[in-house]
Structures are given as C-alpha cells and as structure tokens.
Amino acid sequence: MLHTVENTSASSLSAAAIQARLDKFDDIFITHPRLLALRGEMDTLMSQTQSRVAKNEKRRIAAGNRPIKPDELWLLPVIGPSGSGKSFSTSSIVDSLYADPDLPPDEIPVLVVTLRSSSRSPRHVQAQILEAFDSPEAAAVLRGRDYSEAYANDSIRKIARLKKTHLVILDEAHNLLANGISLAPKMAKAFKSLVNDGIFSLVLCGTEEVMPLLNCDGELQSRQKEVLDFGRFRLNAEDLSYFLNFVALLESEMMTKGVVDAPIGLTMDADACATVYDMSEGVIGIVARIMRLALERAMKAGSTTVTWEDVGNAYRSWQVIKKSLAGTDGKSVNKRDPFLKGPDTRTIDAVNRKLKTDHQAKA
Amino acid sequence: MTPILNPNILVTPPDRVRPLILSETPIPGESLLGFISRSLANTAITRLTPGLALAGIGTFRPECLPRGLSDAGQITSLAKFLNVDPTEIRSRLYVSNTQMLSPGADITFNAVAIRGTYREIRTRRISPRALVRSSAHQTIWELRPFNFDPNTLEYLLDTCPVCGTRLGWLRVSKPHMCDRCVDEDFRHTTDLRDFLQPLVEVDDVEALTLAHRLISHDPEIRSSAHASVASEWRDHSPSELFESVLGISFAMSDAGPVTQQRVKRPKTTDLSGIDASTLARVSRVILEGGGALDGLIEEVRAERRQRFENCSEIHEFGQISALQRCRSIPFKTGLMFASAVSRSLARTRNRNATRLREAAGRIRVADAAAQFGISRRLLEKMLSSGLVDYKLGEHRGLTRLVEPAQVAGAIAQLKSCVPDETIAGTIGIPERHLGFLEAGGLLHRPNEAIRTLLPRGTSFTRASFEGLGALLLRPLAPNQNSTPLLEVVGEVGTDQIDWVAVVAVVARGDRYGVHPADTGLRIEDWRDNLRVVDVDRFVVDFAAAAAELSPFRTISPAEAAAILGVPVPFVYRAIDRDILEKLPGEGSRLDLESVVRFAAENTFGRRLASHFGVKNTNVLRQELAKSNVHPIVPGKSRDLIYRMAELPARLSDP
C-alpha cells in the first residue's frame with residue numbers, strides 16, 4: 001500500500017539547515033476547522049462580559065465604591081484531547097487580538113494563564129493569575145499570613161479593571177485535578193467566585209479529565225456556556241472531510257514552504273488517508289506532531305524528503321512519548337499499528353465512502 | 001539601614017523587584033509609611049512587612065523605615081516597586097543629621113533639623129476631617145508635640161473609636177481606615193472619617209500654626225513663616241525657631257516639680273502634645289517681638305502658685321528660668337530669656353533681704369556647706385535628723401538659714417566616730433565580737449542622730465574606743481613581777497583563743513598592764529606587750545568571760561560541716577531549707593550551740609550508709625521507709641537527714 005519516494009539527496013544536512021527547515025515547518029499555520037467556532041464564542045463572551053462588567057462598575061461607583069453584589073459572568077469550557085489544537089487555537093486568537101494596532105499597550109483584554117499541576121488550592125490559582133499579570137503580589141497571596149479568597153479576588157478585580165481584562169483563558173485546566181479528583185469541588189468554588197464576583201469570564205481549556213470539575217457544582221454549571229468540543233474527528237463524512245482537508249493542506253504547505261523537496265502522499269489514496277487517520281486517531285494536532293518527528297528523523301539521516309518509513313518510525317516514537325506522558329498503564333496508547341498491520345477496515349470503508357461521495361459530487 | 005531579616009519572609013532581591021500594577025501617586029506632605037500603606041491597600045497584601053519584602057526590604061518593624069532606610073539600592077528598589085521616582089522616597093525619609101545644626105536636633109524633617117524624639121514612631125495619628133479632603137497621611141501628624149492638624153485645626157485621632165486599639169503601621173490599610181477592624185475576609189470595616197474630632201478653640205491661628213509652617217513640606221510656606229517672625233528672632237534658623245517654640249512651650253506646660261537642669265520633653269508614650277493655647281501664646285511672642293517676651297515672663301511669674309518673697313528663680317519662674325541653662329535650647333534663645341528674667345527680677349528686688357539674714361547670725365544652707373567643706377547632701381541630712389536646726393528668712397522666704405556653730409558641732413560629732421571594722425582591725429578580734437564588748441560597757445555607740453549620717457551606720461564613739469585602748473595599755477607598777485600575755489594564754493587550755501574574752505578580762509581587771517618603760521605604744525600593739533601579774537586569776541577570769549561569750553560565738557558553714565561530718569554544700573543546702581538557722585546579720589555563720597545540738601539529734605543518710613556498708617543511699621531510704629522512718633526533707637532530696645529518735649534502736653547506735 002505504501003508508496004516510497006526516492007531520496008533526492010544523499011549528502012547529510014548541516015544542523016543549521018535542519019533547523020531552518022524545522023522553523024519553516026513550525027511557521028505553517030493551518031486554520032483549525034473549529035477555530036472559527038471558538039473565535040465566535042470568545043467574541044460573544046467578550047462582548048457580553050464587557051457589557052456586564054461596565055454595568056457592574058456603574059453600580060459600584062453609584063454605591064460609593066462599597067462592596068456590591070455584582071451580576072455574574074460566564075465560563076466557557078473548551079474540551080479536547082491533548083494535541084487537538086486547543087492551546088494553538090486560543091493562542092492564535094489572542095495573537096490576532098494583540099496584533100490590533102489600536103489596542104493600547106497596557107491593556108490585556110484576554111489573559112492566558114497556563115495552570116500548573118502543582119496547583120492544589122484556589123490560592124494557587126489566584127497566585128498564577130496574578131503572576132500572569134506580572135504582579136509582584138502573587139508571592140504575597142501564595143505565602144501571606146492573612147489570606148482570604150475574597151480579598152485576593154478584590155485585588156485581581158482591580159488589576160483586571162485597570163488592564164481592561166474581560167476574559168481569562170485557563171489553559172491546561174485538567175492539571176488542577178492532577179493531584180486527585182477530590183480537589184474538584186474546591187476548584188469549582190474558586191472559579192465560581194471569580195465569575196460570581198464579576199471579575200472576568202473564564203475560558204477553561206483542558207482534556208476530558210476536567211469534566212468532574214465542571215459537573216460537581218450546580219451553581220457553576222448554571223454559569224457555563226455550551227462546551228466547545230475540540231475532540232477527535234469522527235468517521236462521519238463531515239468530520240472526515242475536515243480531517244483530510246487539513247492533512248492535504250499540511251502536506252501542500254510543507255511543499256510550498258520548502259520544508260520537503262518532494263510530496264509524501266499522505267492523501268494520495270484511500271489506504272494512505274486511512275493510515276494517517278488511524279495513526280492520529282482523528283486528532284489533527286497529532287498528525288502535525290508525528291510529521292515533525294518524521295521530518296526531523298529524515299533530515300538527520302541526510303534526506304530532504306520524508307518517506308512513509310520515516311512516518312512509520314515517527315509514529316512509533318510518538319507512541320513511546322505518549323506512553324510516557326500517559327503513565328505506565330498505556331491506557332491511551334494505540335494497540336494496533338496501522339503501518340505494520342494496515343489501517344482498520346472501518347476506517348478504510350469510511351474513507352472510501354467519502355472519496356466516492358466526493359467523486360460523485362465532482363461528476 | 002541594617003535590615004533585621006525575618007526568617008519567615010522571603011525578601012525579593014532588589015534587582016528582581018517588580019513594580020506594583022496598581023500604583024498610587026504620592027501627595028505633597030504625605031508620609032512615607034502613609035504612601036506605602038495607601039499603595040499596598042490596592043493589592044492582596046495585608047501586612048506591611050511582607051509588602052516591603054516584595055520591595056526588597058526585609059524588616060520586622062515597618063515604622064523604623066522612614067528613619068532607618070539609607071541604602072541607595074533599597075531606596076531605588078522601593079521606588080521601583082511603588083512606581084515612583086526615588087526622590088519621592090528620599091524626600092520622605094528622616095535623614096540622620098550628623099552635623100547637629102542645632103543642639104539635639106538629630107534628624108532632618110522637610111529640610112529642617114529637629115529632634116528625633118519628636119517623631120511618633122509606632123502610632124498612626126490622623127485627622128478625619130483632613131482625610132475627607134485628601135487621602136494622604138500627612139507627615140506633620142507624625143510629630144508628637146502637635147496634637148492637632150494645622151489645616152483643619154482638628155484634634156488628631158490615634159485610637160480607633162470602635163475597637164479601642166491604637167492605630168498602627170503593621171497592617172496595610174488606607175489611611176482613613178482602622179487597620180485592626182476587619183471582617184472575616186480581612187476587609188477593613190471602620191471608616192475613621194465617620195468619627196470627626198473636636199476643633200482647637202484658639203483665635204490666633206497665625207501664631208498657633210507658626211511651628212507647623214516652619215517645618216512645612218512646602219519651601220515657600222517655610223520661608224514665609226521664617227520671614228514673619230519679629231526682627232530680633234530673625235537671626236534664628238528655622239530649626240532654632242522651631243526648637244525655641246517647642247522648648248518654651250514645654251517649659252510653660254510643665255506643672256511638675258521644677259528642676260534647674262533641663263526642660264522636660266514628652267516621653268515616648270505621651271501623645272498628649274502641647275496645649276494649643278500655650279503654643280499660640282509662645283508663637284505670638286516670637287511673631288511680635290519687642291516687649292512681648294517680658295510680658296510673657298511677667299505672666300508666667302504671676303501665674304506661679306508657690307511664690308514667696310525672696311525665693312529662688314526656679315520657684316519664681318518655674319521651668320522658664322531653666323531655659324537659660326538648658327543645652328537643648330538654642331543659645332541665643334537662652335540669652336534672651338536670661339536677660340528677660342534678669343529684668344523681671346530687677347524690678348522686684350528687695351535690697352534689704354541680705355542684710356536681714358546677716359543680722360540674725362545665720363547663713364544659708366548652701367553657704368554653710370561651702371564654708372565647712374561638706375556636701376550639700378550631708379548638710380541636708382543634718383537638717384532632717386535634727387542635729388542642726390534651721391529658720392526661714394524673716395520675710396517668710398523659702399531660704400533656710402542655719403547657725404554655723406551648730407553645723408560645726410555636728411561635724412565634730414561625726415568625726416568622733418570610729419567604724420566597727422577599724423576597731424576590730426586595730427584590736428585584732430572579729431567584727432562580730434564587738435557586740436560583746438559593747439554589752440560589757442567597754443564600747444559605746446554614738447547617738448541615733450549621728451548614726452543616720454554615717455555611711456555604714458555602725459560605729460562606736462572615738463572616746464570609748466580610746467578609753468578601751470587606755471585600759472589595754474595601762475602601765476604596771478614599777479618592779480612588779482609579771483608574765484607576758486602570749487605566754488599565759490597557753491595556760492587557758494583551748495586550741496583557739498577567744499581574744500575578745502582576753503580583752504574583756506584585761507579591761508575589767510587591775511592586774512594587767514604593760515611594762516612602765518614601754519611608752520608610746522599603739523593600741524594594736526597591746527597583745528605583744530601586755531603582761532599578766534596573776535596568771536591563776538587570769539585563767540579563772542578568762543573562763544568566766546569565755547562562758548559569757550558563748551552567745552556571740554559563731555561558726556562558718558565549713559566548720560559546721562566538720563562538726564556534722566558532711567560535705568560543706570550539704571550545710572548550705574540545709575541553710576537554704578531552714579533546717580539550720582543562720583544568725584541574723586552574720587552572713588552565713590551559724591550558732592555553734594545549735595549546730596552541736598543538731599548533730600546530736602540527727603544523723604545523715606550517707607553516714608548511716610557508710611556505717612552499714614550500704615553503697616546506695618536510695619537503698620537505705622527504701623529500707624528505712626519500710627520501718628516507717630522518713631527523712632526530714634520529704635521527696636527525693638539527696639540529703640537524707642533522719643531524726644535520731646525516730647530510727648530503730650539498732651540504727652541509732654552510731
């Protein structure tokens with residue numbers, strides 16, 4: 001089934017040349033099929049939050065800056081497996097937002113906070129938010145003697161209002177439960193405080209492991225927007241179309257930008273398509289990562305093109321990495337190697353159906 | 001500054017200090033701690049010390065910062081942390097004034113040298129009315145002598161009316177909030193602006209605020225205040241003017257006992273400040289000049305309650321007269337007051353007073369002390385003991401007048417006393433045995449009045465001492481057979497001679513004396529030169545005298561230990577537990593008879609143990625306990641003392 005491409009360069013590549021091609025690969029930007037949906041949701045959330053915060057601030061001023069009960073804000077969960085493009089997509093949205101020349105330099109409308117797995121209490125989350133603002137008081141919150149969640153939230157709110165921050169993206173949110181699911185209620189209350197106190201709306205990015213946190217508090221659920229699924233693409237016609245389009249575009253960009261000198265043929269026939277799908281389990285981030293590994297492997301061997309053999313070997317390396325990331329239980333590791341045993345028949349059937357439909361449509 | 005590092009607080013290195021996101025702008029006249037606290041109140045930091053640690057400053061006590069911060073790196077890091085220029089920090093520091101431009105003025109406050117003791121360190125004082133207008137804690141409120149705000153004329157508040165605690169600097173709060181009143185979320189709950197304080201009721205506001213204006217943060221206000229004083233005061237620097245106003249005000253406020261040395265300053269705990277009307281009154285003198293100072297002096301003199309004719313300056317003018325001698329008051333001010341006091345005294349001088357005193361043949365106490373070369377204190381003791389009497393001046397003055405003859409007599413009596421230790425050393429007997437000679441009528445104590453004047457309090461009259469010496473050295477009849485005393489004392493038959501008994505025997509008897517040819521002997525030579533005519537009689541008399549001496553015979557703890565057969569520390573422990581009784585006034589010495597009696601009535605665990613071959617005294621204790629015999633000292637004392645009568649018969653044998 002596999003089509004090998006002749007190696008066009010026998011001489012070895014210098015480290016600088018390898019790095020240059022890897023940089024070109026990293027520069028490839030392909031819009032995630034669900035990026036638009038995420039952008040839309042975030043824009044909506046942003047405008048809603050701005051409106052409500054303005055209203056709350058008016059009420060606060062009318063009350064002579066005394067504590068008021070502000071109207072609550074919202075929580076947008078973005079759930080998907082690791083490598084599904086959540087972080088990449090949010091980063092690209094934030095980057096495009098910050099690229100606006102009209103945005104004053106001291107304003108941070110959207111703040112990205114990457115949560116650490118050492119976060120064991122709301123205090124840690126607050127400290128990380130303050131740290132993301134580059135505020136020195138983060139240390140005081142973390143180690144202070146007279147800690148109060150509400151008092152720390154007050155401080156965060158003041159900074160958020162100064163920086164005009166309306167949206168905080170909590171990336172890698174599943175890390176909060178890395179030390180056990182028992183922390184879920186406590187963390188849920190912390191998030192509830194942030195949105196209930198009208199400080200900012202939250203975008204919670206994480207794997208499905210974060211779901212207990214979202215489900216354990218009824219009040220927090222009432223503040224939740226609909227979950228934005230960044231999960232794997234299924235084998236239905238629409239998802240498969242998104243997936244294969246992405247793969248084809250990636251290969252095309254690799255050729256165009258000069259990352260490789262010859263095409264690999266990732267979508268040249270149904271077998272290839274099905275192999276790539278099985279290899280990545282429908283997660284497009286994994287396709288990109290395996291392709292980068294394959295590229296690195298090939299260039300180290302002195303080649304400027306990537307063969308299917310490189311891809312296969314890169315896939316197996318990825319499996320090892322994934323296994324080490326997932327722990328020793330190997331729960332999330334593919335048991336079937338599509339390069340050795342061929343793609344799954346169900347995948348081939350689905351791909352064939354899709355290709356046939358496309359052909360008919362063209363006709 | 002040398003920071004006192006708190007080990008529980010991590011201090012950020014100065015080069016890694018980050019600025020606060022929500023920073024405040026310093027307000028002119030705002031204190032450093034007020035500005036820091038106001039800035040930190042926007043953050044999640046609840047205490048000043050960890051807040052300063054984030055600014056690269058490690059200190060236990062934030063209130064020490066305005067005086068202690070001197071390191072340029074720390075000033076820069078604090079300025080960076082607060083998002084201000086370092087000059088804003090420097091201008092709010094109380095820089096130590098090493099040159100001492102004015103006496104005692106050791107800090108620089110708004111470019112004026114003032115005394116550091118004026119600064120209130122721990123307590124945060126505020127004016128609620130001023131805080132309604134501006135949220136700044138003013139530097140001027142940190143000066144302890146002032147108890148009101150110069151702009152609002154409102155008395156300062158230093159205690160929270162709700163919780164009753166002193167406002168301080170340990171916890172972060174806005175200046176208008178009580179730092180102690182917090183809810184469960186550490187939000188401050190008491191707004192002190194709701195507790196307006198009474199206003200100062202003084203009409204002369206210009207004079208009232210002169211001292212404030214002299215040290216204002218605004219250079220223009222300072223210079224205009226300096227220009228507004230009267231011409232004769234204008235050569236004073238602002239620092240000297242400020243100190244003059246305060247020094248004179250303190251002197252006028254002091255209602256306590258007068259001293260001639262210095263003007264009292266408020267103590268560190270005293271925040272009551274100077275009375276506003278006094279401050280205005282003094283400042284008006286400086287503003288007006290001319291005869292205003294004389295007017296003030298006369299007013300003060302008229303107000304003195306304890307005024308007498310012909311009395312001293314200090315009684316006449318109170319602390320005001322001390323201003324001319326007080327080193328902390330500017331010298332120029334002191335001179336002005338000295339001449340004003342002289343002018344006032346010249347007006348009322350009674351030229352007859354001196355003549356009247358001299359006519360009575362009496363002299364002043366101070367003159368008497370100088371004339372006889374004794375201390376004033378000793379003469380005062382003579383007066384209080386009644387040895388010397390005094391009379392007040394004929395014009396009911398407070399000056400006490402004494403007769404020189406009486407003073408001379410008292411001094412002669414005092415000189416006629418010989419201390420115990422001198423007598424004991426001269427005769428060669430223990431000091432404690434002198435009582436025996438006193439009881440025998442051979443030595444006499446001086447009268448009670450003289451004894452109160454003696455530094456040690458125990459002396460005998462010189463006459464009695466010399467009489468005793470004469471008895472010991474009286475000459476024998478010529479050609480009378482006699483034996484040297486030192487040969488005779490061997491006949492007494494004791495190991496240790498009680499020389500005091502010998503002295504008593506010799507002094508009372510008539511068959512003792514020195515060789516008639518031995519003239520010019522000193523008292524201390526009596527032992528070597530005394531001769532005994534009748535040796536047998538001496539032995540009998542000595543035995544009788546020694547028997548009388550027994551109440552005076554004492555032994556040391558070491559001697560007692562030898563008698564009891566125990567280690568010396570055992571005796572000391574027994575004394576501490578009142579098992580053995582010390583003789584009063586004899587240090588650790590013990591009565592010989594009581595020790596001997598104690599030895600006869602009791603026995604000791606270690607002695608019993610060694611007698612019966614038991615190595616461990618605990619075993620002995622347990623064995624005796626079985627027979628219901630317990631030591632005198634209960635518990636686990638290592639000194640086992642048993643009453644001989646309580647021991648079983650076989651044990652009481654040793």
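- Across B:Thr12, B:Ile45, B:Val17, the residue that shares the most heavy-atom pairs under 4.5 angstrom with chain A is B:Ile45.
- Heavy-atom neighbours of A:Arg161 CZ from other residues, nucleotides or ligands within 6.0 Å: above the threshold of 12.
- The local environment of CZ in A:Arg59 is crowded, with over 12 non-hydrogen atoms from other residues, nucleotides or ligands closer than 6.0 Å.
- With respect to chain B, the highest number of heavy-atom pairs below 4.5 Å among A:Ile156, A:Leu130, A:Leu162 belongs to A:Leu162.
- Interface remark: A:Asp154 contributes side-chain atoms only to the contact with chain B (heavy atom separation under 4.5 Å).
- No part of A:Asn153 comes within reach of chain B, as not one of its non-hydrogen atoms sits under 4.5 angstrom from that chain.
- Remark: of the listed residues B:Leu22, B:Asn42, B:Ile21, B:Thr43, B:Thr43 is the sole one forming a side-chain contact (heavy atoms from CB on, under 4.5 Å) with A:Glu137.
- For chain B, the nearby parts of A:Phe133 are the backbone and the side chain; heavy atoms of each come within less than 4.5 Å.
- Using a 4.5 Å cut-off between heavy atoms, B:Arg187 touches chain A through backbone and side chain atoms alike.
- Residues A:Ser148 and B:Asp185 share a closest heavy-atom pair of OG-O, 3.1 Å.
- Other residues, nucleotides and ligands place more than 12 heavy atoms under 6.0 Å from the CZ atom of A:Arg60.
- In A:Lys225, the NZ atom is crowded: over 12 heavy atoms of neighbouring residues, nucleotides or ligands sit closer than 6.0 Å.
- Of the two parts of A:Ile159, the backbone and the side chain both hold a non-hydrogen atom closer than 4.5 Å to a non-hydrogen atom of chain B.
- When the candidates A:Ser135, A:Gly144, A:Ala152 are compared by the number of heavy-atom contacts under 4.5 Å with chain B, A:Ser135 comes out ahead.
- Within a 6.0 Å sphere centred on NZ of A:Lys58, other residues, nucleotides and ligands contribute 12 heavy atoms or fewer.
- When all heavy atoms are compared, the tightest approach of B:Ala44 to A:Ser155 is N-OG, 3.3 Å.
- Note that NE2 of B:His188 and OH of A:Tyr151 are 4.5 Å apart. Values are rounded to the nearest 0.5 Å.
- Residue-environment remark: CD (A:Gln221) exceeds the threshold of 12 foreign heavy atoms within 6.0 Å.
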Would you sort out whether A:Asp134 and B:Arg18 count as a side-chain contact (heavy atoms from CB on, under 4.5 Å), showing the intermediate values?
CA-CA 8 Å; A:Asp134 197 26; B:Arg18 288 179 290 171; 2.8 Å; yes

